[in-house]
Amino acid sequence: MIIWISGVGAVGKSTTTNLLKEKLHKHYSEVYEGDDHRYTSKNGYKIPFSTYGKVMVLGRTGKQVLYGTDGVTIGLSKSKDFLHHEYFKWKSIFTPHIIIEGHKYISKSEMHDFLIKEKMKYKMYYLHAPRNVLTKRSKERANGWDKKTRTESLIDKQIQEYEKIIKKYKDNIVIRESTSVQKCQEISNEIFKELNLT
């Protein structure tokens with residue numbers, strides 16, 4: 001199963017994913033994780049990821065946030081190729097769980113349509129919080145994106161994009177409030193249970 005943890009900037013995606021990674025780390029004795037690890041295809045494109053048993057988590061860890069899909073510089077087409085390859089390559093033995101954190105790609109119809117067409121089981125966890133919470137978190141975090149890119153109009157645009165996606169693909173979307181670390185912990189617990197690891 002593919003689980004995509006998404007939402008607008010500073011909504012708690014990285015917090016939730018990091019909490020989930022902690023649970024995965026405790027669950028599996030064999031873990032491969034490294035900031036310098038890259039997936040390299042025969043075409044030469046790369047995607048960073050960590051593996052926890054049968055679970056793959058995309059993105060490398062930054063000082064404050066995870067660089068999930070938002071830190072992946074390859075295009076949508078190659079990202080779809082990567083997901084398809086990783087999802088089906090062990091098909092005769094098992095289907096892996098792929099955890100993806102980020103806004104990039106999943107806020108557009110094309111990725112949802114691709115996952116459905118290719119019969120790849122997935123859920124998008126859409127995290128949301130009031131605007132004042134988002135603004136406060138962004139100011140406290142103050143990374144490059146928060147300082148140079150984030151604007152209220154950009155957040156408005158992202159929210160509007162998600163509203164369309166939620167309406168169109170509601171059967172594959174789980175909406176959760178992420179107003180606190182405790183809420184993010186609850187979401188990570190829910191996702192960990194959803195993975196049904198043995």
Side-chain angles (χ1 to χ4, degrees), residues 1-7 13-14 16-25 27-61 66-127 162 165-166 168-176 187-198:
M1 173 182 251
I2 293 172
I3 293 182
W4 211 304
I5 300 169
S6 196
K13 300 186 296 294
S14 293
T16 300
T17 306
N18 276 324
L19 289 167
L20 180 58
K21 287 177 74 174
E22 288 176 11
K23 296 179 196 306
L24 290 168
H25 198 285
H27 183 80
Y28 286 107
S29 57
E30 294 183 7
V31 178
Y32 183 90
E33 185 171 21
D35 288 352
D36 61 345
H37 184 59
R38 300 290 185 274
Y39 171 89
T40 304
S41 76
K42 61 182 180 181
N43 297 322
Y45 62 87
K46 301 174 181 180
I47 295 179
F49 67 89
S50 304
T51 53
Y52 303 79
K54 298 176 182 178
V55 184
M56 171 185 286
V57 182
L58 266 62
R60 61 187 179 276
T61 304
L66 285 178
Y67 301 122
T69 56
D70 301 333
V72 171
T73 57
I74 68 169
L76 176 61
S77 178
K78 289 181 179 179
S79 294
K80 291 192 291 187
D81 289 345
F82 170 83
L83 288 176
H84 191 277
H85 174 73
E86 292 298 327
Y87 190 88
F88 291 112
K89 78 175 181 179
W90 304 107
K91 189 176 181 180
S92 62
I93 308 170
F94 69 92
T95 299
H97 294 296
I98 303 174
I99 309 298
I100 308 168
E101 179 269 331
H103 166 78
K104 193 174 181 179
Y105 307 135
I106 201 65
S107 62
K108 309 292 184 186
S109 290
E110 190 174 345
M111 180 58 80
H112 290 267
D113 292 340
F114 165 75
L115 296 171
I116 292 167
K117 178 176 178 277
E118 297 300 321
K119 295 181 170 53
M120 298 166 74
K121 187 178 178 183
Y122 83 99
K123 281 188 179 180
M124 183 187 97
Y125 275 75
Y126 174 67
L127 310 189
Y162 277 117
I165 290 295
I166 290 166
K168 188 173 180 181
Y169 304 100
K170 59 184 179 180
D171 291 342
N172 293 93
I173 295 175
V174 178
I175 302 171
R176 293 291 181 265
I187 298 165
S188 72
N189 289 341
E190 180 181 349
I191 294 172
F192 186 78
K193 187 176 179 181
E194 178 78 29
L195 295 175
N196 194 26
L197 303 173
T198 55

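- When only modelled atom types and interatomic distance are considered, Tyr28 and Thr51 share no side-chain donor-acceptor pair under 3.5 Å.
- The two atoms that bring Met120 and Tyr87 nearest to each other are CE-CB, 3.6 Å, heavy atoms only.
- Of all heavy-atom pairs spanning Arg176 and Tyr125, the tightest one is CG-CD2, 4.3 Å.
- Qualifying side-chain hydrogen bond (donor to acceptor under 3.5 Å, both in side chains) partners for Thr16, counting only residues two or more places apart in sequence or in other chains: none.
- For Ile116, the side chain to side chain contact (heavy atoms under 4.5 Å, CB included) partners are Tyr122, Tyr169, Asn172, not counting sequence neighbours.
- Nearest heavy atom pair, residue Ser188 against residue Leu19, reads OG-CB, 3.6 Å.
- Contact record, Ile5 with Lys13: O-CD, 3.7 Å, taken as the closest heavy-atom pair.
- With contacts defined as side-chain heavy-atom distances shorter than 4.5 Å, the pair Glu101/Val57 does not qualify.
- Using cut-offs of 30° and 60° on the angle between ring planes, the pair Phe94 and Trp90 is parallel.
- For the atom pair CD1 of Ile98 and NZ of Lys54, the computed distance is 14.0 Å after rounding to the nearest 0.5 Å.
- One N or O on the side chain of His112 and one on the backbone of Ile106 form a donor-acceptor pair closer than 3.5 Å.
- A distance of 9.0 Å separates OG in Ser6 from CD1 in Ile173, rounded to the nearest 0.5 Å.
- For the pair Leu195 and Leu24, the minimum side-chain heavy-atom distance is below 4.5 Å.
- Note: His97 NE2 to Ile191 CD1 = 12.0 Å, rounded to the nearest 0.5 Å.
- Val174 places a side-chain heavy atom less than 4.5 Å from the side chain of Glu190.
- Leu58 places a side-chain heavy atom less than 4.5 Å from the side chain of Phe82.
- The heavy-atom pair separating Lys119 from Phe88 by the smallest distance is O-CZ, 4.3 Å.
- Here Lys21 contributes atom NZ and Ile99 contributes atom CD1; the two are 11.0 Å apart, rounded to the nearest 0.5 Å.
- Between Tyr162 and His103, the ring-plane angle classifies as perpendicular under the 30° and 60° cut-offs.
- Atoms CD1 and CE, from Ile100 and Met111 in turn, are 7.0 Å apart once rounded to the nearest 0.5 Å.
- In this structure, the side chains of Glu118 and Leu83 stay at 4.5 Å or more apart for every pair of heavy atoms.
- Note that the CG atom of Asn196 and the CE atom of Met1 stand 10.5 Å from one another [nearest 0.5 Å].
- Under the rule for a side-chain hydrogen bond (donor to acceptor under 3.5 Å, both in side chains), the partners of Lys80 that lie at least two apart in sequence or sit in another chain are Glu110.
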